[in-house]
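Heads up, the thing below is written out as structure tokens.
One-based numbering, in listed order, for ligands and for the atoms of each. Source: prediction; values computed, not measured. Residue numbers start at 1 and run along the sequence shown.
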Amino acid sequence: WALCLLLLGLLTFSPTHAAEDTSILINEIARASNDSLLWGPYRPNLYFGVRPRIPKSLMTGLLWAKVDNFIDVQNNFRYTCEQHEGMAGYGWDEYDVRTGGRQTVHDAGNKVDLTTEFIKVPGGVHGGSWGLRIKGTPRKDAPAQLKTSVVFYAALEGLGSLQVENDINVVGYKDVVTLGGDTPELGKFTINVTRGPETNTYPKSEHPAWREKPLNRTIVHSFQYPEEMLWQIKPIMFQNMKSVVDGYIEKYGTEKHPMPEQTFTLSQEPGPGNMHMIQKVFTGAFEFDVLFTSGSAPNPITSDLVTKEISAVTDSFSKRFSKIFEPKAPFNKPKYLEFGKSLFSNLIGGIGYFYGDAVVDRSYAPEYDEENEGFWEEAAEARTRGGLRFDGPNELFTSVPSRPFFPRGFLWDEGFHLLPVADWDIDLTLAIVKSWFGLMDEDGWIGREQILGHEARSKVPAEFQAQYPHYANPPTLFFVLDAFIDKLLSNRSTEKETLQPENLSGDIYSTFVSNPEVALQYLRNLYPLLKRHYFWFRKTQWGDVKSYDREAYSTREAYRWRGRTPDHILTSGIDDYPRAQPPHPGELHVDLISWMGTMTRSIKRIAEVLGETEDASEFADYEKGIVRNIDDLHWDEAEQTYCDATIDDYEESVHVCHKGYVSIMPFLVGLLPADSPRLGAVLDLIADPEQLWSDHGIRSLSKGDVLYGTKENYWRSPVWININYLALVRLLEYANTQGPHQARAKDLYTRLRLNLVETVYDSWSKTGFAWEQYNPETGAGQRTQHFTGWTSLVVKIMNMPDLSKSTVGKINQAVAEV
Ligand code: 6A9
């Protein structure tokens with residue numbers, strides 16, 4: 001009925017009381033949208049963990065291990081996603097943030113395939129209910145009597161209560177274990193952990209301990225723990241198991257020690273506490289459910305409902321996926337559809353909600369102004385002096401680059417993540433964008449890497465934790481706002497259609513687009529933050545042009561990344577790409593001025609849409625200066641590419657040319673018009689197999705560069721999908737625009753698209769994973785495994801048009817040749 005209310009709200013909307021009605025409508029939409037986004041597996045650092053988007057509330061998680069010997073158990077309990085646990089692939093096969101989906105974990109080490117099926121059921125006034133089905137299927141090489149121990153826990157942070165409701169003496173936990181809870185935000189709720197179907201079987205034992213704790217009973221272990229330590233669940237669990245072992249030894253001696261499946265159990269201690277662990281031990285295949293029912297929901301969640309909903313959810317996911325991301329030729333084959341579903345599901349299933357404080361260096365040390373030569377040494381020195389402080393606590397709703405390795409928000413990654421997400425669910429996308437801009441401080445800064453709270457920090461070495469309020473990162477969130485405005489403008493004509501009830505189930509995902517008033521209000525609310533952020537860039541990342549005896553000096557549009565060291569500019573996102581040596585405060589970075597150019601264009605467009613004409617014309621001036629200076633300051637005639645600039649030993653300005661992603665950045669972000677006199681040279685560079693072109697995508701650095709493949713070789717040869725995606729978008733634009741390079745762009749586009757998809761697909765089908773980057777020679781996925789972040793842009797790439805058979809461009813090419 002939330003949907004009905006929403007529909008009513010939309011239909012009764014009349015322009016007469018526009019302002020008032022709009023705000024009511026916005027609230028209504030926000031509520032409905034928030035409700036369906038309240039719950040989720042928003043702890044992507046775990047193989048499975050549900051929490052609501054509430055700072056301190058109910059936290060749940062899942063652990064399991066095979067228990068057929070005494071040795072392996074300690075290392076085999078799965079909990080946080082880890083890279084070296086010998087997983088034969090894991091992740092969401094199908095997932096939609098609004099309704100749920102299915103994840104499979106191919107746990108080769110524990111010889112079990114574990115699935116988590118999760119569904120959300122709206123109803124009531126507290127964000128609805130959810131159900132989870134946990135299934136284990138022994139893998140082919142598993143012993144006949146595989147024994148698996150599974151622990152599901154529910155913990156409570158913040159205000160409220162959570163307790164075991166069963167009377168242990170009555171049911172002995174043979175059947176359903178019920179937890180009851182009540183919190184200010186969630187109201188009353190119950191969590192039922194079911195026994196599962198009759199087909200479940202349990203280990204048997206002759207040991208006397210069996211009489212005390214037969215394993216066909218569920219074990220419930222409750223306790224109170226300091227809130228900020230609750231995330232350290234594994235050591236807490238082992239501690240209790242150890243006390244159980246000690247108890248057995250004391251009682252029965254070491255001779256008659258029970259079997260491992262009984263040894264590694266928790267003590268049966270249901271009761272009060274902020275943590276309740278529920279353990280089950282099975283032989284062979286198993287299944288049970290966790291059913292969360294919100295107190296205000298009309299009906300309780302049942303196992304039958306989970307069965308029904310999970311098939312409905314996966315069904316509608318597949319239909320919707322085919323509609324939105326249908327792979328186009330030559331990828332219109334079932335195998336690419338499966339591949340696309342998996343990649344996209346992992347991107348969207350990787351969305352998390354994070355809450356906690358962040359380490360920020362607020363010393364504002366004068367060294368951080370980076371004015372002197374040798375500034376990087378002074379800055380390093382200042383960093384050791386510190387001024388570290390905890391900012392926040394902050395909250396962040398975001399996707400993550402990689403669940404096992406970087407399970408937290410990264411600013412410029414997110415702009416790429418949200419491009420596919422925006423096609424799927426623009427309301428969700430805008431909620432995430434808003435969450436990111438909500439992190440901005442009063443100067444306009446947003447930290448590049450969001451390491452919020454103890455659990456997130458535990459994954460990051462201390463020296464990488466601090467964020468610096470003068471460090472930037474490419475402003476890719478503006479791409480997302482651009483995509484939003486594109487959708488807005490293209491949707492206006494079909495506005496009426498999208499309000500039809502039969503379209504409504506899809507409509508909840510795009511309320512903003514189908515309601516221009518609401519969309520404009522969203523932008524209007526965001527606009528002051530966008531400006532603050534934009535001017536923060538101008539104020540902190542400006543480049544010093546006084547040593548450049550060029551005309552360009554007059555416009556002052558020149559930029560330099562702050563925070564570089566001799567070997568890295570982490571802030572640029574392309575960490576170890578070669579730059580001027582040694583660093584110099586008079587350096588100018590061509591990638592940054594390009595980012596500034598695209599950001600300026602984007603904020604100008606937003607200003608226009610909002611009718612902020614004075615702002616728009618101010619931005620237009622900056623844009624003009626930037627576009628001009630990209631050529632004046634950065635184009636190198638001899639090298640025929642764009643280059644960084646610096647000041648040499650003779651106080652002369654010189655170019656620092658390393659061909660690769662940096663040197664084509666003006667092209668990548670869309671600042672070169674189709675008739676640019678530089679475009680031909682850029683395409684030559686891209687197309688040359690001795691330079692950027694490879695069979696697996698465009699290389700980060702030219703094969704001809706002396707530093708190709710050297711040192712860390714992180715961004716010095718490997719193929720990265722985010723940048724290749726940008727190249728593809730540009731090539732498609734040129735292929736569709738009349739101009740001297742149209743036919744060539746079409747050819748490059750077609751071949752690049754093929755190479756990229758094949759590369760990511762091959763690696764995925766061989767290894768079961770998407771990877772952080774790809775080897776330009778072999779195409780092998782490398783570095784971080786299960787990198788489900790921007791690599792999933794391949795879903796959009798498969799959905800881009802197939803131009804191989806179109807005649808567009810051929811005619812123009814012919815004309816041009818004539
Ligand atoms: C260091 C080590 C367990 C590096 O995808 C996130 C970023 C990108 O934004 C950036 O462009 N990655 C790219 O060059 C990964 C950065 C990870 C830093 C974490 C701590 C943790 O050890």
For the pair Q773 (side chain) and Y714 (backbone), establish whether a donor and an acceptor sit closer than 3.5 Å, ignoring hydrogens and angles. yes

Against ligand 1, does R408 come closer than 4.0 Å with any heavy atom? yes

Ligand 1 to W790 polar contact by distance, N or O atoms, under 3.5 Å: no

Any nitrogen or oxygen of W720, side chain or backbone, less than 3.5 Å from one on ligand 1? no

Which of parallel (below 30°), tilted (30 to 60°) and perpendicular (above 60°) describes F479 and W595? tilted

Any heavy-atom pair between the side chains of M87 and V105 that's under 4.5 Å? yes

Polar-atom distance check: E449 versus ligand 1, any N or O pair below 3.5 Å? no

Does R362 come within less than 4.0 Å of D391, counting only side-chain N to carboxylate O? yes

If we set the cut-off at 4.0 Å for heavy atoms, which region of R783 has an atom near ligand 1: side chain, backbone, both, or neither? neither

In terms of residue, atom name and distance, what is the protein heavy atom nearest to atom 17 (C) of ligand 1? F406 CE2, 3.2 Å

So, is the end of the R560 side chain (NZ or CZ) under 6.0 Å from the ring centre of F375 and within 45° of the ring's axis? yes

Just let me know how K459 lines up against ligand 1, side chain, backbone, both or neither, with a heavy-atom cut-off below 4.0 Å. backbone

